[in-house]
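Here's the structure we're looking at; comments come further down.
Labels below follow one simple rule: chain letters A, B, ... track the order of the sequence lines, proteins then strands, and each chain is numbered from 1.
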2 protein chains.
Amino acid sequence: MVVKSQIKFIKSLQQKKSRIENGLFVVEGRKMVFELLNSVLVPQAIYCTNPALVLDKDLPVFNVNSREIGMMSSLKTPSEILAVFEIPKPQAVDFSDWVVVLDKLQDPGNLGTIIRLCDWFNIPSIVCSNDTVDCFNPKVLQATMGSIARVNISYRNLPGIGSNGNSEVFGTFTDGKSVYDTSLPKKGILILGNEGHGISQELRSEIDHEISIPQFGNATAESLNVASATAIFLNEIRRQPKS
Amino acid sequence: MVVKSQIKFIKSLQQKKSRIENGLFVVEGRKMVFELLNSVLVPQAIYCTNPALVLDKDLPVFNVNSREIGMMSSLKTPSEILAVFEIPKPQAVDFSDWVVVLDKLQDPGNLGTIIRLCDWFNIPSIVCSNDTVDCFNPKVLQATMGSIARVNISYRNLPGIGSNGNSEVFGTFTDGKSVYDTSLPKKGILILGNEGHGISQELRSEIDHEISIPQFGNATAESLNVASATAIFLNEIRRQPKS
């Protein structure tokens, strides 16, 4: 049983402004909730319609009915469980490894997929421009499949990023040098730009290497989706040279 | 000016059943429409709210108002132009190159991204299981960014695909042999499975090589998104070995 004001409050967390003011975000679905409960993240409240779901007794669990969870949910088909977690404090960016930098990324699915890729390829830190889509947006969280708890994500004004940590800066372009012919060091900064406009002009002076994924044959595809490009660049960074 | 029945008909093309019955599909937005007009695809009708848009006089153009195009559109914010094209007849699969085979892919965004990737990497043919999402679904088309006109896509029952064209069959798994250590020939069949369940049991006996993308460090990401995985596998197929 929950009161109306609580439902309204949880619904408000679909908005970035309310998430920031309250330092809280919402995840939905059994897989995501359990994965985050097993992470370093701190749950503030868990709403559940299924009394058979086994949850730790110390957790702040509220039993609700499907009408109530439906009113809280951002999904067309609400799940049996929804949880509110505290937004973790971003940790210092780890410049001793590769850092993925996202400049004005707009699409929540792309950001979620990139977070999942960084988790897979063990990239510790993502740095986003302040105008990149919020990583605690429900659509981003859905695409991360739980990886949100394992990658350190921070937001800042990007200009000046190149002077951090003594790393070489690699910017991704459609007309740069082939990534296959580029020597990729053990650490570096990889900048990916906006879906339509690429990397901002103001960042270009900080870029040491403009790199690209070669296009093959007579194909006339204009560009790769930014999440597909990230998959390929991170694979190139981590793979061993073929013998 | 269009009549109600015309609007209703175009709206019906959002459904696979109507698309198949009529052999027609719909694209929206200036970029997509112009790109397909410049392709081999045949336009059946073009609806446009903007008289300033320059279209070939021989094209079947109907001027409509924004209320009318809004009623035809599948988008929340309809564009100024919408076009109906004939569904092209699938051509024979080109087994002399790599063929991408999709087993029960469900997500329209994933299929659209994979079509775009095949265009980029010049993969001539995609073969989908009959229960894979329809490639003329509006959400798939939006994610292809026009690549739909440049990749040959066909649907069939997949069992038996391995006996085509004398190609080796590579199935993608989370626990296969590293793709980095796998010798990839100049032609082959690359099978990617369903988002949640992977490749169907009934196809496994046709697979010559079970391959994977290695996971790095202590990351605990369960799997890569199937479109991200496709990006990496196609890159591995096309890239030259690093010197």
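Distance CZ/A:F121 to CD1/B:I232: 3.5 Å, rounded to 0.5 Å. The OG1 atom of A:T144 sits 12.0 Å away from the CG atom of B:N225 when rounded to the nearest 0.5 Å. Here the straight-line distance linking atom CZ of B:R239 with atom CG of A:N235 works out to 7.5 Å at 0.5 Å rounding.
When each of B:A229, B:P214, B:G146, B:G109 is checked for heavy-atom pairs under 4.5 Å with chain A, B:P214 comes out on top.
Proximity to chain A (any heavy atom under 4.5 Å) is shown, for B:S228, by both the backbone and the side chain.
Within 6.0 Å of CG on B:D56 lie more than 12 heavy atoms contributed by other residues, nucleotides or ligands. The number of heavy-atom neighbours closer than 6.0 Å to NZ of A:K139, taken from other residues, nucleotides and ligands shown, is 12 or below. Other residues, nucleotides and ligands place no more than 12 heavy atoms under 6.0 Å from the CD atom of A:Q91.
The shortest heavy-atom contact between B:W120 and A:I213 is CZ2-O, 3.0 Å.
With sequence neighbours excluded, no residue satisfies salt bridge (Lys or Arg N to Asp or Glu O under 4.0 Å) with B:K16.
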